[in-house]
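Side chains are part of it too, since the values below use all heavy atoms of this structure and drop only hydrogens, waters and symmetry mates.
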Amino acid sequence: MSDDKDLGMDRSITRRDFLNGIAVTAGASILPPHIAAALQHELDPEQSADYYPPALTGLRGSHVGAFEVAHSLRDGDFWEKAGQPIETRETFDLIVVGGGISGLSAAYFFRKAHPNARILILDNHDDFGGHAKRNEFTVGDRKLIGYGGSFSIESPAPYSPVAKGLIDELGVDVASFPKHIARETYSSRGLVPNVFFDKETFGSDVLTVNPLPVGGTQNEGDDTPERQKIWDRFLSDAPLSEKAKQDLMGLRKGADYLPGLSSDEKKARLARISYATYLTDVAKVDPQIVKLYQNAPQALFGLGIDAVSAQDAWGFGFLGFRGLTLEPGPGKGMNRDVIPSEEAESYFYHFPDGNASIARSLVRRLAPDVLPGNSIDDLITTRANYSKLDTESSPVRIRLNSTAVRVRHVGDLRTAREVEITYSRFGKLYSVRAPQTVLACWNMVIPYICTELSGKQKEALQFEAKVPLLYTNVVLRNWTAFEKLGTMAVYAPNGYHTYFRLDMPVSIGEYHCSTKPDEPIVIHMLKTPCKPGLPARDQHRVGRIELFMTDFETIERKIREQLARTLGPGGFDPARDIAAITVNRWPHGYAYQYNSLWDKFWLEGGELPCETARKPFGRIVIANADAGAYAYVDGAIDQAWRAVGELSKVGS
Ligand SMILES: Cc1cc2nc3c(=O)[nH]c(=O)nc-3n(C[C@H](O)[C@H](O)[C@H](O)COP(=O)(O)OP(=O)(O)OC[C@H]3O[C@@H](n4cnc5c(N)ncnc54)[C@H](O)[C@@H]3O)c2cc1C
């Protein structure tokens with residue numbers, strides 16, 4: 001197709017290393033050649049010198065081969081196809097299911113308490129770290145590092161002493177971050193956040209400045225002349241009706257749309273209506289404004305303003321609340337993401353590979369041969385040796401490509417001394433044992449692998465509906481089009497990816513970020529598929545199906561079209577300028593955080609589903625960020641700490 005040719009769909013970038021699609025079963029046929037070859041010779045693929053997942057491109061995140069076994073368990077047809085497990089006779093002091101930050105932290109805390117402990121960590125992905133995923137690229141002689149998931153050390157609430165303590169012990173000096181970021185890289189060239197109006201929604205394609213950038217909408221009260229200039233340019237360029245522009249300015253100026261109510265009463269009202277309803281029914285603004293902001297909160301909530309409460313929108317800094325004169329301080333039922341905390345805001349650190357560096361530092365502590373070295377500076381460029389992850393001589397072993405399919409006590413629950421874990425690896429089943437187990441995997445998987453649990457606990461575990469996301473990294477040979485257009489980030493209210501931006505310019509150790517427009521760079525693109533109009537958790541379920549049903553080629557075409565359309569006027573040519581694409585697909589992304597619009601208990605009190613869900617069960621304890629319904633690294637660490645603490649009550 002000639003359009004495809006213009007877009008560069010025929011160009012040989014490194015992609016499609018894996019087969020795409022979902023209608024495949026786990027087995028050698030879906031594996032990349034070096035893994036298939038190793039298996040044919042009955043070798044562990046991880047032992048191959050070619051085994052290096054961070055450098056794989058194409059569809060990553062929850063990659064093909066990682067999820068089929070779990071889906072088959074969910075669908076109830078796994079055991080009829082499965083053979084008998086091979087009894088490895090391997091025993092450990094602890095087995096952890098899930099090699100994300102929570103599982104790795106649990107192993108770390110356990111080893112601290114029991115320095116001679118032997119631990120096995122199982123994970124279904126081909127890489128460790130879970131959501132904390134590293135992507136690497138080579139363009140000419142330049143190496144680029146990107147983040148495929150968890151982006152930075154940051155949290156809406158201050159890190160707990162436990163989480164902060166672990167970050168310190170790993171050698172991350174959070175306060176030193178300003179010395180690693182070249183803050184002026186984009187601003188010194190006049191590059192600012194933009195918004196892209198598309199002609200299907202707004203009548204014409206227009207790229208202009210964004211006075212309310214995603215995640216930076218908190219400038220409602222910014223009346224400085226600089227901000228006014230941005231608003232003036234926006235209003236002059238935006239293809240919005242005069243009525244919509246007037247309403248926008250009215251919202252900005254503010255009015256008391258809820259007269260006669262106290263601040264608390266107003267907050268209570270706002271907690272029960274969506275921001276979209278607030279705009280249309282309370283402030284009664286032009287529907288174009290709803291279209292403009294519909295997808296603005298997606299990066300944080302994975303939802304549009306139809307499913308985010310007006311109170312949360314106020315906390316987030318959206319327009320329209322100034323005239324309500326609400327008392328500062330959180331209202332009842334606010335999402336934890338939007339409750340401001342100065343202490344939390346100052347605790348920020350971004351590695352070029354995001355929080356994969358946290359996962360890598362944990363692995364360095366647990367299995368030093370995998371990532372030799374001793375400073376955070378050398379960690380960033382050290383290549384992990386995957387052949388050392390699961391060696392007999394190492395007290396901590398990390399076994400990848402291994403999905404736990406059954407976790408059960410050996411014998412009667414009350415008297416059992418051991419837990420047996422059966423896992424599936426490249427189509428074969430194996431069983432291993434330990435006196436105790438931490439399930440640091442996604443909580444909604446647990447009912448399928450741990451069938452001994454009570455119905456009540458299973459139901460609570462399945463309440464979790466993780467937020468689906470695409471974190472796409474596109475490597476460009478240069479960023480001259482961004483420079484010409486004066487943009488460093490684009491919010492596209494109706495784009496396939498809602499948001500994209502030039503990489504955060506961070507250099508650490510020997511790794512140097514791109515600082516000149518003629519150098520290659522990673523751009524980061526975000527999509528959170530959802531279905532406006534449905535309740536939040538159903539929106540996530542629909543979005544998850546969309547992600548599993550979309551193949552890489554479709555996503556690649558959408559990326560090329562979107563970038564060409566937005567950046568074409570700056571000279572961007574997708575066929576020429578794109579060097580590589582990695583789409584990190586996370587159908588099971590952020591932990592679900594409670595929301596006053598959809599979760600009554602969040603407003604009214606009572607035991608939270610995550611509290612019921614994470615109760616210890618015999619010799620089995622439960623961690624993961626899900627266990628705190630809090631989608632942050634500190635949540636993952638805190639839950640690991642709690643779970644390991646519960647193990648001490650179980651005994652060994
Ligand atoms: C795209 C994205 C961006 C994010 N950005 C940030 C951020 O900037 N800052 C922040 O603090 N947090 C962020 N988060 C939240 C992130 O979830 C946490 O930071 C943290 O990485 C969660 O760690 P975890 O170990 O609890 O879960 P995970 O990282 O999900 O790890 C759990 C692991 O268990 C595995 N597993 C599941 N079932 C099984 C099974 N049956 N057998 C074996 N293994 C299994 C999973 O595949 C996964 O690898 C982000 C999340 C996503 C998805």
Side-chain angles (χ1 to χ4, degrees), residues 13-14 54-55 57 134-148 151-154 172-194 207 209-210 213-216 226 348-357 375-383 471-491 499-526 559 563 566-567 569-574 576-582:
I13 58 164
T14 43
T57 54
R134 177 174 166 114
N135 291 168
E136 286 183 24
F137 306 93
T138 306
V139 186
D141 57 2
R142 183 108 185 207
K143 286 242 180 275
L144 294 170
I145 300 175
Y147 57 97
F151 164 71
S152 59
I153 293 177
E154 62 174 318
V172 185
D173 177 11
V174 174
S176 74
F177 182 64
K179 88 172 185 233
H180 298 295
I181 179 161
R183 269 193 208 286
E184 311 292 309
T185 307
Y186 305 132
S187 58
S188 64
R189 296 173 192 277
L191 310 194
V192 294
N194 276 213
L207 181 70
V209 291
N210 186 1
V214 176
E226 293 75 39
F348 179 92
Y349 198 103
H350 168 74
F351 293 94
D353 60 359
N355 291 324
S357 276
S375 79
I376 283 292
D377 282 6
D378 67 43
L379 179 73
I380 194 72
T381 40
T382 301
R383 184 180 160 107
Y471 260 32
T472 298
N473 283 322
V474 180
V475 177
L476 303 184
R477 297 184 198 282
N478 62 70
W479 42 286
T480 50
F482 283 83
E483 192 189 32
K484 280 195 194 122
L485 296 168
T487 182
M488 43 78 68
V490 176
Y491 164 54
Y499 182 68
F500 65 88
R501 61 157 295 154
L502 293 170
D503 198 18
M504 188 176 260
V506 172
S507 298
I508 296 180
E510 295 294 303
Y511 183 74
H512 300 287
C513 63
S514 176
T515 51
K516 297 193 199 82
D518 57 1
E519 293 175 346
I521 198 164
V522 180
I523 64 163
H524 182 71
M525 305 183 80
L526 168 103
I559 292 166
L563 293 180
T566 317
L567 303 172
F572 180 81
D573 175 353
R576 183 195 59 208
D577 295 335
I578 293 178
I581 299 175
T582 298

message: Rounded at 0.5 Å granularity, tell me how far CG in D378 sits from CD1 in I508.
response: 11.5 Å
field: V475 and its side-chain contact (heavy atoms from CB on, under 4.5 Å) partner, picked from V139, T57, D503
entry: V139
Between CD1 on residue I523 and CG on residue L476, distance to nearest 0.5 Å: 4.5 Å
- prompt: What closest approach, in Å, do P505 and T185 show between heavy atoms, and which atom pair accounts for it?
  reply: CB-OG1, 3.6 Å
- request: Please confirm whether the backbone N or O of P520 pairs with a side-chain atom of S514, one donor and one acceptor, at under 3.5 Å?
  value: yes
message: For a quick test of reading the model, state the closest non-hydrogen atom pair linking S176 to Y349 and the distance between them.
response: OG-CE1, 3.9 Å
message: Is there a side-chain contact between T582 and F137 in this structure, where contact means two heavy atoms from C-beta onward sitting under 4.5 Å apart?
response: yes
task: Measure the OH-CZ distance between Y147 and F351 for me, rounded to the nearest 0.5 Å.
output: 14.5 Å
field: Contact summary for R477 and I578, nearest pair of heavy atoms
entry: NH2-O, 3.7 Å
query: Is there side-chain contact between M525 and L563, with heavy atoms separated by less than 4.5 Å?
result: yes
query: Does the side chain of L191 come within less than 4.5 Å of W479's, by heavy atoms?
result: yes
task: Report yes if the side chains of H180 and S507 come closer than 4.5 Å at any heavy-atom pair, otherwise no.
output: no
- request: Take V522 and N135, measure what side chain to side chain contact (heavy atoms under 4.5 Å, CB included) needs, and give me the verdict at the end.
  value: CA-CA 10 Å; V522 180; N135 291 168; over 6 Å; no
field: Atom pair OH/CG of Y499 and L526 - distance to nearest 0.5 Å
entry: 9.0 Å
message: Less than 4.5 Å apart, side chain to side chain, heavy atoms only: is that true for I380 and S357?
response: yes
message: Working to the nearest 0.5 angstrom, can you tell me the gap between M488 CE and R189 CZ?
response: 13.0 Å
- request: Scan for salt bridge (charged side-chain N to carboxylate O under 4.0 Å, His left out) pairs involving residues 506-526, sequence neighbours excluded, and state none if there are none.
  value: R142-E519, K516-E519
message: If the condition is ring pair (Phe, Tyr, Trp, His ring centres under 6.0 Å), which residues does F500 pass it with, not counting sequence neighbours?
response: none
- prompt: Hey, does N194 have a side-chain heavy atom less than 4.5 Å from the side chain of Y491?
  reply: no
Non-hydrogen atoms of N478 and P517 that approach each other most closely: CB-O, 3.2 Å
Ring center gap for F151 and H350 short of 6.0 angstrom: yes
- prompt: Side chains of R501 and Y186: closer than 4.5 Å at any heavy-atom pair?
  reply: yes
task: May I ask you to decide if P352's main-chain N or O and Y511's side chain share a donor-acceptor pair within less than 3.5 Å?
output: no
query: Rounded to the nearest 0.5 Å, how far apart are CG of L502 and CD1 of I521?
result: 4.5 Å
task: Please examine the side chains of F177 and V506, heavy atoms only from C-beta on, and report whether any two atoms are closer than 4.5 Å.
output: yes
